[in-house]
K.L.:
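Can you read through this structure? Questions will come right after.
Counting begins at 1 with the first residue of the sequence.
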Amino acid sequence: MKIFKFGGASIKDADGVKNVSEVLKITNEKNLVIVVSAMGKTTNLLEKVVAEYLNDNRNKCKEFVSEFKEYHLEILEGLFENRNHPVYEDVSKLFGKMASFLDVNKSKNHAFLYDQVVSFGELVSSTIVSAYLSEIGLKNEFLDVRKCIKTDANYRDANVDWEATQKKIQKKVSANGITITQGFLGSETTNNFTTTLGREGSDYTAAIFAYCLNAESVTIWKDVPGVLNADPRYFTQTMLLNHISYREAIELAFYGASVIHPKTLQPLQRKEIPLFVKSFLNPTAPGTCVGKGVTLDPQTSCFILKKDLVLISLSSLDFSFMMEDNIGDVFKWLHKHKMKVEMIQNSAISFSVCVNDKFNNLEALLAKLREKFSVKWNENVTLYTIRHFNTAEIKALAENKNVLLKQESKETVQLVIKE
């Protein structure tokens with residue numbers, strides 16, 4: 001049994017879905033679980049639906065819902081000439097379920113609402129992909145992943161109940177044939193409401209299935225040739241990494257390498273299941289293997305950046321030391337306001353933290369911090385992380401930039417830059 005994961009870029013249109021079928025023909029795997037993301041930028045679109053719904057801007061909300069429907073109907077028309085094909089009715093039912101939820105919902109809990117609405121992206125995409133593969137003769141079983149992956153009720157970033165999940169996956173997934181399911185989604189154990197595993201959680205879904213099924217390998221299909229040493233959107237010279245150890249890949253993921261979800265690698269490492277990152281545009285190319293063995297091949301510097309972060313700098317109001325009790329309060333409030341900590345640095349009388357304000361709680365956090373500290377902050381900063389750096393690269397990166405903070409260890413340098 002192997003696990004394939006296809007992301008939104010691979011199925012962004014009808015030609016993309018057709019290309020997925022070609023990848024499956026070329027690889028010719030007979031026993032597969034295929035994890036499918038939402039198509040294209042659907043998740044971003046459904047996030048707009050949620051935002052306008054909570055703002056009581058129902059006209060704008062309906063406009064985005066219509067855009068969601070039209071986008072997928074266009075893909076359907078590019079795949080199925082027969083408008084009477086059952087998949088049209090299946091997708092229409094999902095549209096109806098989303099509309100019905102928006103009509104009857106009373107909750108103003110953003111995270112809960114987010115999970116119930118955004119999940120329709122994966123449900124629609126997997127329905128279309130499964131139907132198309134069946135249409136061209138690639139027989140498969142459709143599986144609602146919410147019946148398998150059980151979680152707590154921490155909406156938008158749910159924690160997996162591994163024992164319950166493993167039992168359900170082993171019961172519902174056949175060891176033979178192809179199964180199509182959704183990435184990113186689960187359901188909470190108590191009330192079965194839909195949950196999500198965090199952005200880019202489809203990679204994590206693939207790892208969950210691999211762990212529970214003792215899979216031979218996981219392959220993540222992307223629009224890049226594999227894991228690169230830098231994001232080609234921001235760096236002009238990039239290099240394909242042929243092999244990365246689990247430990248190094250976890251380090252890169254921790255610092256924000258976007259090609260691999262931070263939680264994906266841990267269950268794979270526990271069972272030494274190799275992870276391949278390959279291009280759906282060139283499926284016969286070797287791509288990158290993450291697994292046991294050499295730390296990094298080739299040995300080269302790796303560059304990671306995270307944009308739109310916030311750098312918060314604190315000092316005590318009475319110039320006393322920033323000791324454990326003060327820092328403990330800071331971390332308590334960061335946790336309470338759901339701030340993802342990207343970098344910290346402290347001295348005797350100051351403490352700086354670079355955070356990702358994922359849930360738009362910055363103002364509330366700053367108000368709390370001002371009760372006890374002198375507070376300065378910079379919004380929209382960029383955090384650069386360089387693994388296996390050399391001095392010339394750091395100098396070139398910082399040239400003509402406003403470096404707010406720098407931190408260096410043996411293997412890693414981090415720079416907070418206001419661009």
Side-chain angles (χ1 to χ4, degrees), residues 1-7 9-11 16-17 19-37 122 125-126 129-130 132-134 136-143 145 148-149 160 162 165-166 168-185 197 200-227 242-244 246 249 259-261 263-293:
M1 174 67 70
K2 294 182 179 180
I3 315 297
F4 281 4
K5 178 259 176 174
F6 290 95
S10 66
I11 51 172
V17 176
N19 184 66
V20 166
S21 71
E22 291 302 311
V23 172
L24 296 176
K25 290 176 183 177
I26 291 169
T27 55
N28 197 32
E29 298 291 347
K30 303 301 183 185
N31 303 317
L32 276 176
V33 173
I34 300 175
V35 176
V36 178
S37 297
E122 277 73 16
S125 68
S126 56
V129 171
S130 175
Y132 179 72
L133 294 181
S134 294
I136 63 170
L138 289 174
K139 184 179 178 182
N140 65 89
E141 294 293 328
F142 179 87
L143 174 66
V145 76
C148 291
I149 296 183
V160 175
W162 282 94
T165 296
Q166 183 159 359
K168 289 183 177 295
I169 286 178
Q170 291 179 345
K171 181 179 179 180
K172 292 183 177 293
V173 178
S174 171
N176 300 309
I178 297 175
T179 298
I180 307 289
T181 194
Q182 308 79 37
F184 186 47
L185 310 183
L197 307 177
E200 309 303 328
S202 293
D203 292 358
Y204 187 37
T205 303
I208 293 169
F209 274 91
Y211 180 89
C212 294
L213 294 170
N214 296 309
E216 181 181 338
S217 66
V218 173
T219 302
I220 297 175
W221 296 95
K222 301 183 74 70
D223 56 357
V224 292
V227 179
N242 303 316
H243 187 278
I244 314 172
Y246 291 116
V259 75
I260 304 172
H261 190 278
K263 293 184 290 189
T264 298
L265 298 162
Q266 292 162 347
L268 300 179
Q269 183 184 28
R270 285 199 291 269
K271 291 193 175 181
E272 297 185 350
I273 299 170
L275 167 70
F276 295 94
V277 181
K278 295 188 177 185
S279 170
F280 57 74
L281 302 173
N282 187 12
T284 59
T288 301
C289 176
V290 180
K292 294 177 66 178

K.L.:
Does Lys271 have any side-chain contact (heavy atoms from CB on, under 4.5 Å) partners at least two apart in sequence or in another chain, and if so, which?
P.N.:
Gln166, Tyr211, Asn214, Ile273
K.L.:
Measuring from Ser217:OG to Leu268:CG, what's the distance to the nearest 0.5 Å?
P.N.:
10.0 Å
K.L.:
Can you sort out the partners of Thr264 under side chain to side chain donor-acceptor pair (under 3.5 Å), two or more places apart, ordered by chain and number?
P.N.:
none
K.L.:
Using only atom types and a distance under 3.5 Å, with no angle test, would you say the side chain of Asp203 pairs donor to acceptor with the backbone of Ile220?
P.N.:
no
K.L.:
Within this structure, what is the CD1-CD distance for the pair Ile178 and Glu141, rounded to the nearest 0.5 Å?
P.N.:
10.5 Å
K.L.:
May I ask you to test the Gln182-Thr205 pair for a side-chain heavy-atom distance under 4.5 Å?
P.N.:
no
K.L.:
If you draw a 6.0 Å radius around NZ in Lys292, do more than 12 non-hydrogen atoms from other residues or ligands fall strictly inside?
P.N.:
no
K.L.:
Taking atom CD1 of Ile3 and atom SG of Cys212, what is their separation to the nearest 0.5 Å?
P.N.:
9.5 Å
K.L.:
Indicate the atoms forming the closest heavy-atom contact of Ile244 with Ala249, along with that distance.
P.N.:
CG2-N, 3.5 Å
K.L.:
Suppose we screen for side-chain contact (heavy atoms from CB on, under 4.5 Å). Which residues come up paired with Lys278, at least two apart in sequence or across chains?
P.N.:
Thr219, Trp221, Phe276
K.L.:
Which atom pair, heavy atoms only, marks the closest approach of Ser125 to Ser37?
P.N.:
OG-O, 2.7 Å
K.L.:
Show the nearest heavy-atom pair for residues Pro283 and Ile26, with the distance to one decimal.
P.N.:
CG-CD1, 3.8 Å
K.L.:
Ignoring hydrogens, what is the shortest heavy-atom contact between Glu122 and Val36? Give both atom names and the distance.
P.N.:
CG-O, 3.8 Å
K.L.:
Who are the salt bridge (Lys or Arg N to Asp or Glu O under 4.0 Å) partners of Lys172, not counting sequence neighbours?
P.N.:
none
K.L.:
Checking Ser279 now: which residues fulfil side-chain contact (heavy atoms from CB on, under 4.5 Å) with it, not counting sequence neighbours?
P.N.:
Leu281, Asn282
K.L.:
Which residues pass the salt bridge (Lys or Arg N to Asp or Glu O under 4.0 Å) test with Lys263, not counting sequence neighbours?
P.N.:
Asp157
K.L.:
Can you tell me how far the OG1 atom of Thr165 sits from the CD1 atom of Ile208, to the nearest 0.5 Å?
P.N.:
6.5 Å
K.L.:
Can you measure from OH (Tyr246) to CG (Leu265) and round to the nearest 0.5 angstrom?
P.N.:
9.0 Å
K.L.:
With side chain to side chain contact (heavy atoms under 4.5 Å, CB included) as the test, would you mind laying out the steps for Phe209 and Ile169 before giving the verdict?
P.N.:
CA-CA 7 Å; Phe209 274 91; Ile169 286 178; 3.9 Å; yes
K.L.:
Applying side chain to side chain donor-acceptor pair (under 3.5 Å) as the test, list every pair that has at least one member in residues 26-35; sequence neighbours left out.
P.N.:
Lys2-Glu29, Asn28-Lys30
K.L.:
Could you tell me the separation between the CG atom of Leu133 and the OG atom of Ser21, rounded to the nearest 0.5 Å?
P.N.:
6.5 Å
K.L.:
Listed by chain and number, what are the side-chain contact (heavy atoms from CB on, under 4.5 Å) partners of Ser130, not counting sequence neighbours?
P.N.:
Asn140, Phe142, Ile180
K.L.:
Between Val20 and Ser10, which heavy-atom pair has the shortest distance, and what is it?
P.N.:
CG2-O, 3.9 Å
K.L.:
May I ask you to test the Leu32-Leu24 pair for a side-chain heavy-atom distance under 4.5 Å?
P.N.:
yes
K.L.:
Restricting to side chain to side chain donor-acceptor pair (under 3.5 Å), what partner residues turn up for Thr181, sequence neighbours left out?
P.N.:
none
K.L.:
If you take all heavy atoms of Ser202 and Lys5, which pair is closest and at what distance?
P.N.:
CB-CE, 3.5 Å
